[in-house]
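Quick notes on the structure that follows.
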2 protein chains.
Amino acid sequence: MKNSAPFVEAVDTSYLETLIGYNARRAALSIIEVFLVRMAPFELKPVDFSVMTLIAHNPGITSRQLCHALGILAPNLVGLVNTLEKRGLIQRQPHPFDGRATGLHATQAGAELMQQAEEVASQLEMGTTPRLNAAERKTLMRLLQKIYKNE
Amino acid sequence: MKNSAPFVEAVDTSYLETLIGYNARRAALSIIEVFLVRMAPFELKPVDFSVMTLIAHNPGITSRQLCHALGILAPNLVGLVNTLEKRGLIQRQPHPFDGRATGLHATQAGAELMQQAEEVASQLEMGTTPRLNAAERKTLMRLLQKIYKNE
DNA sequence: TATTGTTATACTCTATAACTATA
DNA sequence: TATAGTTATAGAGTATAACAATA
């Protein structure tokens, strides 16, 4: 019979590790941690980067479309877009046939910044997943998209 | 020559989708969204669930060990643990040989709650990843752990 | 001197309600 | 009546500094 409470030497996380949600979140956070450091010179956080890359690749995209594509709420996008505009990275232009909407366009400076930032992003992905080969990376991408593209 | 600004019909997200960090975050969020709903009856958010499951599987685990295992900061754990204790799901006991530390233990009620909660968690994982078969799920788990267990 | 747990607090992220201009 | 964009604001999550008790 034991006289004292038990203590833990090595923490058993085996159950948690059977959950895809847990594993996906931990993996995402470990990559984002590096992302924040490597993107600091560009002053781009993950959301800023996502917004900028979508604008750069989709000239004339609207706020509504950005929100839908990235799963962010409209009121939270306003400040982001304003900041990017003040930094001279994007410009607003009237939507060609919907007077309520505004088309967002990358400026020359914005396009050049994103060319560099995307290069850094692609490189850091390799750095944060050094134990994955090209085939594993492709498989991982496919399986993750199978999950969130359901909806 | 065009007279009006371009507009976007279908948003091109192809570049973002080449990034594992982006895909992992989106997949995690889509699972967590369902998790929040299904765990509401247990009044357990993802972090509460993680903390409870580690305590249940590691009797006597300390706050320090929980923080390290889950990547959360000590000051943010205090409130969580206090709430779980007030709900009668866990108990604090003196650490057998370190007077600074406190061992955390699931109560009978806490153990029973977690048995149900873990069952629901495992089931909802299947529901949120209906297009993955057993082999794909296993592969996904392995690849994600290759990323965040590096550090 | 270092570590565990804690308090206080600030900062960021996310969510809701309500308004305007246009469709 | 519905939608795009906006404002104001509340709530949740995450971060740092500093302290008491113990090692």
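Residue numbers begin at 1 in each chain, while the letters A, B, ... track the order of the sequences.
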Distance, rounded to the nearest Å, where B:Leu80 contributes CG and C:dG5 contributes P: 14 Å

Exam field: side chain A:Thr13 to backbone A:Leu16, donor-acceptor pair closer than 3.5 Å: no

By side chain to side chain donor-acceptor pair (under 3.5 Å) - contacts of B:Lys146 (at least two apart): A:Glu136

Plane angle bin for A:Phe7 and B:His95 - parallel if under 30°, tilted between 30 and 60°, otherwise perpendicular: tilted

Whole-Å distance separating the CG atom of A:Leu36 from the P atom of C:dC11: 18 Å

Upstream residue (5' side of DNA chain C) when B:Gln65 and A:Ile72 are each assigned their closest nucleotide: B:Gln65

Separation of atom CG in B:Leu73 from atom P in C:dT7, rounded to whole Å: 16 Å

Whole-Å gap separating P (C:dT4) and CG (B:Leu66): 13 Å

Integer-rounded Å distance: C:dG5 C1' and B:His68 NE2: 17 Å

Sidechain N-carboxylate O distance under 4.0 Å for A:Glu33, A:Arg38: no

Test: A:Lys149 and B:Glu17 ion pair at under 4.0 Å: yes

B:Thr107 (side chain) donor-acceptor with B:Leu89 (main chain) under 3.5 angstrom: yes

Check: protein-nucleotides 6-11 of chain D nitrogen or oxygen pairs below 3.5 Å:
unit_1, atom_1, unit_2, atom_2, d
D:dT6, OP1, A:Arg92, NH1, 2.6

Name of the residue among A:Thr129, A:Asn23, A:Leu29 meeting side-chain contact (heavy atoms from CB on, under 4.5 Å) with B:Tyr148: A:Asn23

Between D:dG5 (C1') and A:Leu84 (CG): distance, integer Å: 16 Å

Heavy-atom closest pair, residues A:Tyr15 and B:Ser122: OH-OG, 3.1 Å

Residues A:Glu118 and A:Thr53: side-chain donor-acceptor under 3.5 angstrom: yes

OP1 or OP2 of C:dC13 under 4.0 Å from side-chain N/O of A:Lys45: yes

Please enumerate all protein N or O atoms sitting under 3.5 Å from an N or O of nucleotides 21-23 of chain C, with distances to 0.1 Å.
unit_1, atom_1, unit_2, atom_2, d
C:dA23, OP1, A:Gly99, N, 2.8

Sequence-distant partners of B:Gln108, side chain to side chain donor-acceptor pair (under 3.5 Å), two or more places apart: B:Glu112

Separation of D:dT22 C1' from B:Arg64 CZ (nearest whole Å): 16 Å

Contacting residues from residues 47-56 of chain B, given that a heavy atom lies under 4.0 angstrom of DNA chain D: none

Rounded distance (Å) that lies between atom P of C:dC13 and atom CG of A:Leu29: 13 Å

Residue pairs passing the salt bridge (Lys or Arg N to Asp or Glu O under 4.0 Å) test where at least one lies in residues 81-92 of chain A, sequence neighbours excluded: A:Glu85-A:Arg92

